Peer 1: 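My questions will all concern the structure given below.
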Amino acid sequence: MTDQPKRLYLIDGSSYIYRAYFAIRHLSNSKGLATNAIFGFTNMLLKVMREHAPDHLAVVFDARGPSFRKEIYPEYKANRAAMPEDLVPQIPVIKDLVRAFNLPALELEGFEADDIIATLAKKHAAQGLEVTIVSGDKDLMQVVSEQIRMLDTMKDKVYGPAEVAERFGGGPDKVVEVQALAGDSSDNIPGVPGIGEKTAVKLIAEFGTVEELLARFDEVKGKMRDKLREFGEQALLSKRLVTLKDDLDLGIDYDALATGEPDRAALTALFGELEFHKLQQEFFAESRDRNDDYRGVFTEAELDQLIRELEKAPRISFDTETTSLDPLCAELVGISFAVQAGAAWYIPLGHHYLGAPEQLGRELVLERLRPLLEDPRKSKIAQNAKYDLLVLRRAGVEVRGVDFDTMVASYLGNPAAKSHGMDSLAADLLGRRTIAFSEVAGSGKNQISFAEVEVDKAISYAAEDADVTLQLFEKLEPMLKEAEQEKLFHEVEMPLVGILADMEWQGVRVDPQVLGTLSGEMEKKLAALERDIHELAGCSFNIGSPKQIGEVLFEKLKLPRGRKTKTGWSTDVEVLQNLAEEHPIAARILDHRSLAKLKGTYTDALPKLIHPDTGRIHTSFNQTVTATGRLSSSDPNLQNIPIRSEEGRRIREAFIPAEGGVLLAADYSQIELRILAHLADEEMLQESFARGEDIHRRTACEIFGVFPEMVSDEQRRQAKTINFGVLYGMGAFSLAKSLGIDRKKAQSFIDAYFERLPRVADFLEARREEARKNKYVQTLLGRRCAIPEIDSPNQGIRSYAERNAINYPLQGSAADIIKVAMVRVFESLGRAGMKTRMVLQVHDELVFDVPESELEKARELIRREMEEAVKLKVPLDVDIGVGKNWREAH
DNA sequence: CTGTTGTGCAA
DNA sequence: TATTGCACAACAG
C-alpha cells in the first residue's frame, strides 16, 4: 500500500453562509422558510464530499458573541449590518444539516472561524498533513503554504502560494502586510486612507513589512508620506486585526475530525422539509440497495411458491404494470408483490417484443391469484390503489381488502404537500431514489409501452415498486397514529378509495349530439363577434391573446388602462367591464372570451373524452390533491361545469342518465355556514337553521336591523356576500370591492356582523390562535392541515396563513361530511342491492344515475344517509332534484 | 416540446 | 387586498 499523505479539510462555514445568502437571492420552501443560504451551503458541502471525499474535516463557524478583535478595536466590524432577518432562522438548520452529514463542527467563543482554521491548518501542516481550507475569504490566504491550499468552490479555484503571490506580490506572509495598509471596509479595518490594495502591494513589495515601511517612511514621496506619518499607528493596529490567531488551544487532534457516515434518515427528512428534491435525488442516486432480492415469476411452480408466500404473510403489497396511465384504457402487463422489505416478485404477463421470454398466461395467473385478491380479510397495501383496483377490475378481478393506500396515508400526514407520488415518498421517507419510469420506458417521443420493456428491466422496476410500497407502509402507519389520523383514514378515506374507483368505473353518460349542436351555434356566434371586434378595432388580431387585446385597446384605441399584470396591462373581466362604458368593443371581447372559453373547455373538449366502449365520461377523482380534504376532478374536471350563465347551463343538458333512468342530484344546503353555526356555537345561526329560514335574509335582518319582510334584495345580496366573506376570512377592502361600496361602509357592515354574531368573531380568533399554537388546524373529524406560515415575518404571507386557518376547518369539515355521506350512501345502496349508482361528486353535491323504478327508494335512502352523515347542532338539509339531464335535476 | 402566465369555470 | 381546485390558449425559452 502506498503511503498517501493524510488530508484534512477545513470549511469556513460562516463565510459560506453569507456568500450563499447573497449569491442566491430568492429561494424558500412552501412553508415560507427562506432556504437560499442553506441551499448554497449544502451545495458546497456536497461538492466537497463528491469531489474530494475527505476522511477528516471540520466545519468551522464564527461563535455568537464578539471576538477578541472587538476588544483591541471597538469599531471592528461596527459597520456590519445585523444579520438579515431571513438568514437568522437558516443558521440552526445549517447546523442540523452538518450534524446529519455527521461532520465535525467547531466554534469557539471569542474567536472567529478564521482563527480556528488558521490554528488547525498550521498545526496539522506542521505534522506533515495536506490541508485544504475551503473558503472564499482572502483573509485566510495568509496561512496558505506548500502544505496548505485554499479552495473556493463557488469560483472553482484553488489557491496555492503561487496564486497568493500573484495577488499580493509576495508570499502568503505578505497578505497581512498588504491588508494592514489597504484596510477592509467590510470588516471596518481602517488601514491607511488613500492606500488601496494596488498601492499596498507596491509598497510592501518594496519595504517588505509595515514596520519597515513606517521606519523608512521618508523614502516615500508626496502625499503618501503624510498619510503614513499620520496613520502609521492605525496601520499597525490594522495589522493586529487582520493577523489570524494560529496558536489557539483547541485540544482537538486529527482523530477527532474523522468524518462519519451521513445519517440518511435525518438528511432525507431535512431535504424533504427544505424541498431540496433535486439534491435529495442526487445525493441518494448512488445509494440504491443492491442487495434487494427481486425475482421474476415465469413458471407455474414459481407462481405456486409465490402464492404460498403471499398466503403466509400478514400483509402484502402489490402493484400493477400496464400500457397506459388511464386505467380504463390500460391493459395489464404484469403484477408485482412484496411481503417483506427487500424482497419482491414480478409476474410478467404481457410483455411482447422480439425475443421476449415465455410468460405465464394472463388468465391462469389471475385465476390463481383471484382468491387472494378478492378476499376482503387479506390485508393489502398499494400506492394509489384506485388505479390498480380499476385495472384489475377491467381484467375481471374485484380486488377487496386494500386497507392501506400509501398515497392516501401520506396525504393525511400532510395534505398541503405537493406530491404524494411514490418516487418522492421513497426519497422523503426512505431516503431512496427509485427507478424512474422514464429510465425503463424512455420519455417524450422515444417512450415505449411497458409491454415493450425488457422483462429483466421490468422486474427491477416493478418489484421495486411493490417493495417500496411495503416499506412506505411501515413508515407511514406509525406516522398516522402519531398524527391521530387513524380513524379518519380507516373509516373514511380508505373506504372511499374503492368508492371513487367505482364512480370512475361507472362514469357519467354524455350525449355528444347535444354538445355538437351547441358547439355549432357557438361557432357562428363567435364568428360574428370576431367580425364585429375586428371592425371596431380597425384591424385583425387574435382575440384569444390578452397581449394583443392590450395592444389594440390601450395603444391603438387609446382606451384608459386599468391594473397592470407582470407582463402588461390587465384585460380581465373587471377591467373590460369598466371599459364597456368607454367603447363598445369591450363588451364584445367579453362575450367572445366567455363563449370561446365554454366552447374550448367544454363543448369541444368533452365529446373527445367519451369512452368509445361505454359512451360515458370517466373522470378521475383525486383524493390527495387539495389542502383542505376536498376531492378534485380531472381529465376532464367535472367539478367546474358551468351553471351560472344560460349558455353554460346548456352544457349540463348533455349530461344524461343511462337508458331507462333519471339523474338525481342531491346537494347539501349551505353546508359551510351550517358548520360555522355548529363550530362557532353561534345561537342566532343555529336558531335560524333550525327554523329553516333563509340564512342570508336573516343575516341581513341582523346587520341592517330590519324586519325580515323589510329586507331588500340588495340587502340580502350584501348579507350573502358577507356570509361568504366570513368563510374565507375576508377583510374590509375586499368586501368593499365586491360590494362596490367604500371601505368605511364595508367595515361598518363587518362590525355590525360581529356585533350581532359575537361567537363567530370568537371562532375566527380561536382558529388563528390554534394555528399559532399548534402550527396546524383541524376539521370536524380531526383532519389536520399544517399552517407553518402562521409565524411568517412577512405580513402578506402571514395574513394568507390566517385566512387559511379560518377556511381550512370550514371547507375541510364540509369535505369530511360529504365523504362520510358517500361511504354511507354507497354501502347502503349495496346492502339494499339497488342498481342506483353514484357517478359524480361536486364538493357539496352528489349525482346519481337512478333506474326509474328505484327513484323513490333511492331518493329516501340518499336523503337519509346524507342528512344523518354526522350529528351537528344544526340540521343538515339536503336538496334533491331529479331530471332527464343534469340541468333539469337542479 | 415544456413550463409559465393570464384568464375563467365550479363549490 | 376572499378559499380551494383544473384547464385552456398564448407565449417564452
Side-chain angles (χ1 to χ4, degrees), chain A residues 415-416 443-447 541-550 563-576 589-590 592-606 609 619-622 624-645 647-649 651-652 667-673 721-739 743 746 750 764 785 787 795-797 799-812 814-815 818 840-846 886:
Chain A
S443 64
K445 67 180 171 65
N446 300 321
Q447 190 168 95
F541 67 100
N542 183 351
I543 305 166
S545 162
K547 191 176 148 218
Q548 294 183 32
I549 290 185
R563 291 180 299 107
K564 268 188 291 196
T565 68
K566 279 179 200 164
T567 53
W569 293 92
S570 171
T571 67
D572 69 8
V573 206
E574 207 188 307
V575 172
L576 290 183
I589 292 174
L590 279 173
H592 186 279
R593 201 183 256 172
S594 61
L595 211 52
K597 178 82 175 180
L598 291 180
K599 184 167 181 286
T601 310
Y602 305 104
T603 58
D604 290 350
L606 290 177
L609 293 159
T619 183
S620 187
F621 287 107
N622 316 303
T624 60
V625 170
T626 70
T628 56
R630 276 186 175 183
L631 299 177
S632 81
S633 155
S634 58
D635 312 296
N637 180 358
L638 293 186
Q639 290 178 325
N640 72 341
I641 303 297
I643 192 163
R644 296 195 215 281
S645 69
E647 297 279 3
R649 275 193 293 271
I651 293 168
R652 292 195 170 218
D667 69 276
Y668 281 115
S669 152
Q670 309 292 358
I671 187 160
E672 290 187 11
L673 283 173
T721 304
I722 295 172
N723 273 333
F724 280 106
V726 169
L727 302 176
Y728 302 140
M730 179 168 62
F733 182 94
S734 335
L735 181 64
K737 205 168 100 173
S738 67
L739 288 182
R743 250 184 86 155
I750 292 174
L764 302 186
C785 185
I787 308 188
Q795 141 89 25
I797 293 173
S799 301
Y800 178 63
E802 287 178 358
R803 293 194 295 274
N804 284 162
I806 293 162
N807 184 250
Y808 284 162
L810 297 170
Q811 193 179 111
I818 196 156
L840 294 178
Q841 189 254 38
V842 192
H843 309 309
D844 65 356
E845 171 187 5
L846 295 174
W886 197 5

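In this text the structure is predicted, and so the values were computed from the model without any measurement. Lettering of chains follows the sequences in order, A, B, ..., and the numbering in each one begins at 1.
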Peer 1: With a cut-off of less than 4.0 Å, is there a side-chain N or O of A:T571 near OP1 or OP2 of B:dT7?
Peer 2: yes

Peer 1: Between A:L598, A:I549, A:I543, which is the residue that forms a side chain to side chain contact (heavy atoms under 4.5 Å, CB included) with A:R593?
Peer 2: A:I549

Peer 1: Taking only residues two or more places apart in sequence or in another chain, which ones pass salt bridge (Lys or Arg N to Asp or Glu O under 4.0 Å) with A:R649?
Peer 2: A:E646

Peer 1: Classify the nucleic acid contact of A:Y800 as base, sugar-phosphate or nothing, counting any heavy atom under 4.0 Å across all strands shown.
Peer 2: sugar-phosphate

Peer 1: Say you draw a straight line from CZ of A:R644 to OG of A:S594; how long is it, rounded to the nearest 0.5 Å?
Peer 2: 14.0 Å

Peer 1: Find the distance A:L638:CG to C:dG5:C1' and express it as a whole number of Å.
Peer 2: 13 Å

Peer 1: Identify whether any heavy atom of A:D667 sits under 4.0 Å from a base atom; if not, whether one sits that close to sugar-phosphate; answer base, sugar-phosphate or nothing.
Peer 2: nothing

Peer 1: Looking at residues at least two apart in the chain, or sitting in another chain, which of them share a side-chain contact (heavy atoms from CB on, under 4.5 Å) with A:N622?
Peer 2: A:S620, A:V625, A:S632, A:S634

Peer 1: Residues in salt bridge (Lys or Arg N to Asp or Glu O under 4.0 Å) with A:K737, at least two apart?
Peer 2: A:E574

Peer 1: Can you pull the salt bridge (Lys or Arg N to Asp or Glu O under 4.0 Å) pairs that have at least one residue in residues 626-636 of chain A, sequence neighbours excluded?
Peer 2: A:R630-A:E672

Peer 1: Set out, line by line, the N/O atom pairs under 3.5 Å between protein and nucleotides 11-13 of chain C.
Peer 2:
{"from": "C:dC11", "atom 1": "OP1", "to": "A:S545", "atom 2": "OG", "distance (Å)": "2.7"}

Peer 1: Report the distance from atom CD1 of A:I722 to atom CE of A:M730, rounding to the nearest 0.5 Å.
Peer 2: 7.0 Å

Peer 1: Might you list the N or O atoms of the protein lying below 3.5 Å from N or O atoms in nucleotides 9-11 of chain B, with each pair's distance?
Peer 2:
{"from": "B:dC9", "atom 1": "O2", "to": "A:N640", "atom 2": "ND2", "distance (Å)": "2.9"}
{"from": "B:dA10", "atom 1": "OP1", "to": "A:I643", "atom 2": "N", "distance (Å)": "2.8"}
{"from": "B:dA10", "atom 1": "OP1", "to": "A:R644", "atom 2": "N", "distance (Å)": "2.9"}
{"from": "B:dA10", "atom 1": "OP2", "to": "A:R644", "atom 2": "NE", "distance (Å)": "3.1"}
{"from": "B:dA11", "atom 1": "O3'", "to": "A:D844", "atom 2": "N", "distance (Å)": "3.4"}
{"from": "B:dA11", "atom 1": "O3'", "to": "A:D844", "atom 2": "OD1", "distance (Å)": "2.8"}
{"from": "B:dA11", "atom 1": "O3'", "to": "A:D844", "atom 2": "OD2", "distance (Å)": "3.1"}
{"from": "B:dA11", "atom 1": "N3", "to": "A:R630", "atom 2": "NH1", "distance (Å)": "3.1"}
{"from": "B:dA11", "atom 1": "N3", "to": "A:R630", "atom 2": "NH2", "distance (Å)": "3.2"}

Peer 1: Does a side-chain N or O from A:S570 land closer than 4.0 Å to OP1 or OP2 of B:dT7, or not?
Peer 2: yes

Peer 1: So what does A:G729 touch, heavy atoms closer than 4.0 Å: a base, only the sugar-phosphate, or nothing?
Peer 2: nothing

Peer 1: Take the protein atom CZ of A:R593 and the nucleotide atom P of C:dA10, then report the distance between them rounded to whole Å.
Peer 2: 12 Å

Peer 1: Closer than 4.0 Å, any side-chain N/O of A:N804 to the OP1 or OP2 of C:dT4?
Peer 2: yes

